[in-house]
There are 4 protein chains.
Amino acid sequence: MPTSRLEAFSDGVFAIAITLLIFGIQAPAHTDHLLAALLALWPSYLGYVLSFLLIGLLWANHHVMFEHIERTDRGLMFLNTILLLVVAFLPFATTVLASTFRTGAGENTAVVLYGIVMVLAVLLFNAIWRHARRAGLMDGHVTEAGFRRMNRRILFGPLMYGVGAVAGYFIPWLGVVLYLGLILFYWLPIPQRNTAGEVVGTR
Amino acid sequence: MPTSRLEAFSDGVFAIAITLLIFGIQAPAHTDHLLAALLALWPSYLGYVLSFLLIGLLWANHHVMFEHIERTDRGLMFLNTILLLVVAFLPFATTVLASTFRTGAGENTAVVLYGIVMVLAVLLFNAIWRHARRAGLMDGHVTEAGFRRMNRRILFGPLMYGVGAVAGYFIPWLGVVLYLGLILFYWLPIPQRNTAGEVVGTR
Amino acid sequence: MPTSRLEAFSDGVFAIAITLLIFGIQAPAHTDHLLAALLALWPSYLGYVLSFLLIGLLWANHHVMFEHIERTDRGLMFLNTILLLVVAFLPFATTVLASTFRTGAGENTAVVLYGIVMVLAVLLFNAIWRHARRAGLMDGHVTEAGFRRMNRRILFGPLMYGVGAVAGYFIPWLGVVLYLGLILFYWLPIPQRNTAGEVVGTR
Amino acid sequence: MPTSRLEAFSDGVFAIAITLLIFGIQAPAHTDHLLAALLALWPSYLGYVLSFLLIGLLWANHHVMFEHIERTDRGLMFLNTILLLVVAFLPFATTVLASTFRTGAGENTAVVLYGIVMVLAVLLFNAIWRHARRAGLMDGHVTEAGFRRMNRRILFGPLMYGVGAVAGYFIPWLGVVLYLGLILFYWLPIPQRNTAGEVVGTR
């Protein structure tokens, strides 16, 4: 089976999840001191930007990964569904995160929850990649070296997000800064490693 | 008429319905005891996972079924619209189901409602399949044996979901366990029956 | 410019508008007498079914119409945007309609509002069709006879919905019955007229 | 990498953002004096129409621009994600704008906020266009003259929206009228300039 409808379905879920993030920002109920009311929503804007960049990154990775996967089977569809389940959970985790920074209570729990969702997402990318390799669903252009390089990244990505989660448990804002830094770092292209188009998975 | 836009439209509805499930989980209003508040939402997480796997499965079946359907007519578009109507109803049934397990009242009604929606979805897959056969919209590769094998499954699927609904009327949590078990069972590939790619419909 | 992305964008809006209809049905706040609470929501279910069939029908018509339109220009994109604006308004009109039948006040206003939205949608189909003809965006297979036959339908469609709206102003439930009857009538294929595949527009 | 999935993903976000605008209009809680209650929502309808035309226009521009961009790289995907972040923010800005005109307080702040979002969107179109040019992602048909003509427009667009925002700070309704006028102006085709299909960017 070709992957075209799986990609279309996944694109749909990514696009909807990313757009629904805006519902995490509630318009002020009173508009008397609108500027102040809008500024007080800063944790929501931060959460919106953070999760938008994250889901956009996950989509870009999905895009790149499926450039290398040519066929789909039932196992791949199942793993992809679990990945989408985790991605679609992000708007909830974002709303919780922003609400704790507004109320000033529970930030550490919310930062850890957010980190867990990120780690799960990257682990599922890993599982999809390994399954596609094992089940022979990839095209012939992925070399052994490219596969192993990707494996190193796969250990590196969740590890870093995990470090962010642990740091965030003790100093919540540090966790958020680390998440944002990691997402931006993963967005930036690293030219010298990108040569063969083999960069997939956690990137 | 080719089926490409019908598939694109259906993919859209499946993708949106599956992503909207997250709105069935309301972020805690108070974040003072956030971990406890998050844990108390377990019925919502369970409903989210259950319905995500179910809609993902229905999408996968739709995908496989339309690999065999080559053309569309007005009748097929109507039946497909009714199927989507039932699929798009699932987020509501999920919210109701989760809310009863949180409040501890009305679980049996909610489990039966959920089961009815599942049975309707499978019956509509059946109707689409039969209509496509009758109206000559399928490609030539579906054998008589493959068609009959699918028919047996079509009787089996709603029967099992119906058993889950009846069990759930008396013991609600048993109904949910049965639903989850059936969905996972239908997700798993059964290699010895999958040989000719003829597995469609209720699977 | 080809019409592929315009169709993809429109499919997206139709798919989202149709799936968002479920948010017009609010899960009962209390689950003590769940069955009674669920049954009391019947106007919402009716509105859901009515609008689902309507948006599905409008999508099917859009699908058929753009089988005949080959190229797009700025005017077509603008008219299509206005059509989508009207389609995306339907979830709101549906929620208002269902709420009046639940509260028992304002039904006539709500039925008329719903009828106006329907008439606007059909008129916009008309405008798109005429613009495509005038600007030479159609393929060569639409005959003069087919174009005129469609024109008769275009007068017939809004007229009938308008009759439903007027009837609904005096007897609200009659208006809803007429809408539902018309939508089902337009869904049913009329074999003797469908011969050349020229049925487009209001159908 | 080809741009097809980037276009599909962007189409999804545009389609969802535009359809979600309807949630900015809340159905009246009481239906006793429904017509009056519906008429009192006029600022919400105005915001709905304004933002629907704006997002539709931005989508149309995106469509035209990517007719000229043939390949994508990581930088283009990042800039496109930021553009979508701004587009998906519009339903929030619209809800805020409409609520201030209903309550009669904070209109100037809301008009300026809306204008800032518009200016950001156009600047991001500019950034995408320049990046595609610099990174050699465009097809060969865009001439130097076409590129420079587009550059003049790029300065003109944000400038005009900025003028609208400044005017709106002092006279809010004037700002809204200017926005609507500019959006309609940009929707209308200007035949004598459209000859080579080079009109992209701010249009």
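Just so it is clear: chains get the letters A, B, ... in the order the sequence lines come, proteins before strands, and each one is counted from 1.
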Please flag which part of [X] lies under 4.5 Å from any non-hydrogen atom of chain C: side chain, backbone, both or neither.
{"X": "B:Leu6", "value": "both"}
{"X": "B:Phe23", "value": "side chain"}
{"X": "B:Ala110", "value": "both"}

Could you have a look at C:Asp32, C:Ile25, C:Ile18 and say which one has the most heavy-atom pairs with chain B under 4.5 angstrom?
-> C:Ile25
Do you know which of C:Leu34, C:Thr31, C:Leu21 has the most heavy-atom pairs with chain B at a distance under 4.5 angstrom?
-> C:Thr31
Of the listed residues ([options]), which shares the most heavy-atom pairs with chain C below a 4.5 Å separation?
{"options": "B:Asn108, B:Leu113, B:Asp11, B:Leu85", "value": "B:Leu85"}
{"options": "B:Val87, B:Leu84, B:Leu90, B:Val112", "value": "B:Leu84"}
{"options": "B:Gly12, B:Gly24, B:Ala88", "value": "B:Ala88"}

C:Ile55 portion near chain B, given a 4.5 angstrom heavy-atom threshold |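 No part of C:Ile55 comes within 4.5 Å of chain B.
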Quick one: closest heavy-atom pair of C:Pro43 and C:Phe101, and the distance?
->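 The answer is CB-CB, 3.7 Å.
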Any side-chain heavy-atom pair of B:Glu107 and B:Trp173 under 4.5 Å |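 A side-chain contact is absent here, since even the closest heavy-atom pair is not under 4.5 Å.
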Heavy atoms, side chains only, cut-off 4.5 Å: are C:Arg133 and C:Trp129 in contact?
->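 A side-chain contact under 4.5 Å is absent here.
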Decide if the gap between the ring center of C:Tyr45 and the ring center of C:Tyr48 is smaller than 6.0 angstrom.
-> no
Residues which pass side chain to side chain donor-acceptor pair (under 3.5 Å) with C:Ser10, listed by chain and number, not counting sequence neighbours =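 With sequence neighbours excluded, C:Ser10 shows a side chain to side chain donor-acceptor pair (under 3.5 Å) to C:Asn80, given in chain and number order.
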Who are the side chain to side chain donor-acceptor pair (under 3.5 Å) partners of C:Thr109, not counting sequence neighbours?
-> none
If the plane angle is over 60° it's perpendicular, under 30° parallel, otherwise tilted; pick one for C:Tyr186 and C:Tyr161.
->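 C:Tyr186 and C:Tyr161: tilted rings.
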